[in-house]
Amino acid sequence: DRYSEAVLKRDPENAAALLGLAGYHATVVAMFLVAEPEPHLAKSEALLKRAIEKSPNSSMAHYFQGVAHKTRARPKAALESFARTVELNPSFALAHAQIGHVLSRIGRLPEALEHIRYAIRLSPRDPNLALWSLFGGQIELERGDDAAALAWLRRAHALDPRNPFIPASLAAALALSGDKAAAAAY
């Protein structure tokens, strides 16, 4: 973020720096890295507005706009932004996974799972694979398929044992499947 800020001090209309700083502010909120999300979201949204005005066909700008909408619990706007991202860059796996996650939050579970699976097909070695597997496990939990949820969540945990949301979801899936001892371990 300090590099983008340094560039913006020299060139306040630099689209790449606007996008970089906007993406930083949206991401720290989405990843629960800040105690006060509002100032970050407000800054991200203002920067994204300017970045999109300068580069209306920037898939990354629309992606981060979707992230900001998602963190504000605006599913319709988030889906519109992620759809625009995919329209501009059909192989943007992160956007497909985010579409899946937002769809899962509004109860469109089969469609959500399709997007998660598609993201994984697009980028099977992606560094975000653990997160996408977490999304898949959460979707399967909602669908009531505990065995499928456990498979997704065990994969997620193997890929990223440090993400605190993964063992929490794994514990829930294990408890629902009747394995209370294993659930307690997580």
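Model, not experiment: these values are computed from the prediction. What you see below is based on every heavy atom in this structure, not just the backbone, and it leaves out hydrogens, waters and symmetry mates.
Between Pro124 and Leu129, the shortest heavy-atom distance links the atoms O-CD2, 3.3 Å. Scanning all heavy atoms of the two residues, the minimum distance from Ala112 to Ile139 falls at CB-CD1, 3.7 Å. The two residues Ser169 and Leu153 have their closest heavy-atom pair at O-CD1, 3.5 Å. Nearest heavy-atom pair, Ala78 versus Gly66, reported as atom, atom and distance to 0.1 Å: CB-O, 3.7 Å. The shortest heavy-atom contact between Ser81 and Gln65 is OG-OE1, 3.2 Å. When every heavy atom of Pro56 is checked against every heavy atom of His62, the shortest pair comes out as O-NE2, 2.9 Å.
Counting only heavy atoms from C-beta outward, the side chains of His101 and His115 never approach each other to under 4.5 Å. Counting heavy atoms from C-beta outward, Phe82 and Val67 have side chains that approach closer than 4.5 Å. Annotation: side chain of Trp132 is not in contact with side chain of Arg117 (no heavy-atom distance under 4.5 Å). No side-chain heavy atom of Tyr3 sits less than 4.5 Å from a side-chain heavy atom of Val7. Contact of the His96 side chain with the Ser91 side chain is not registered, since no non-hydrogen atoms from C-beta on lie closer than 4.5 Å. Looking only at side-chain heavy atoms (C-beta outward), Leu109 and Ser104 come within less than 4.5 Å of each other. Glu140 has its side chain within reach of Leu113: a pair of non-hydrogen atoms, C-beta onward, lies under 4.5 Å apart. Looking at heavy atoms from C-beta onward, Glu13 lies in side-chain contact with Asp11 at the 4.5 angstrom threshold.
No single ILVMFWY cluster, assembled from side-chain heavy atoms under 4.5 Å apart, contains both Phe64 and Leu21.
Counting only residues at least two apart or in different chains, side chain to side chain donor-acceptor pair (under 3.5 Å) contacts with residues 144-168 are absent. Counting only residues at least two apart or in different chains, side chain to side chain donor-acceptor pair (under 3.5 Å) contacts with residues 28-42 comprise His25-His40, Glu38-Arg72.
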| task | Start with the C-alpha distance between Phe165 and Phe32, add both sets of side-chain angles, then the distance that settles ring-ring contact (aromatic ring centres under 6.0 Å, His included), and finish with yes or no. | result | CA-CA 11 Å; Phe165 297 104; Phe32 303 99; 5.2 Å; yes

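The residues Glu45 and Lys49 are annotated as not salt-bridged, no charged nitrogen and carboxylate oxygen being separated by less than 4.0 angstrom. A salt bridge links Glu87 with Arg84: the closest approach of a Lys/Arg side-chain nitrogen to an acidic carboxylate oxygen falls below 4.0 angstrom.
Distance check, rounded to the nearest 0.5 Å: CZ of Arg105 to CZ of Phe135 gives 7.5 Å.
With sequence neighbours left out, Ile106 forms a side-chain contact (heavy atoms from CB on, under 4.5 Å) with Pro75, Leu79, Leu103, Arg108.
Side-chain atoms of Asn57 and Ser55 include no donor-acceptor pair closer than 3.5 Å.
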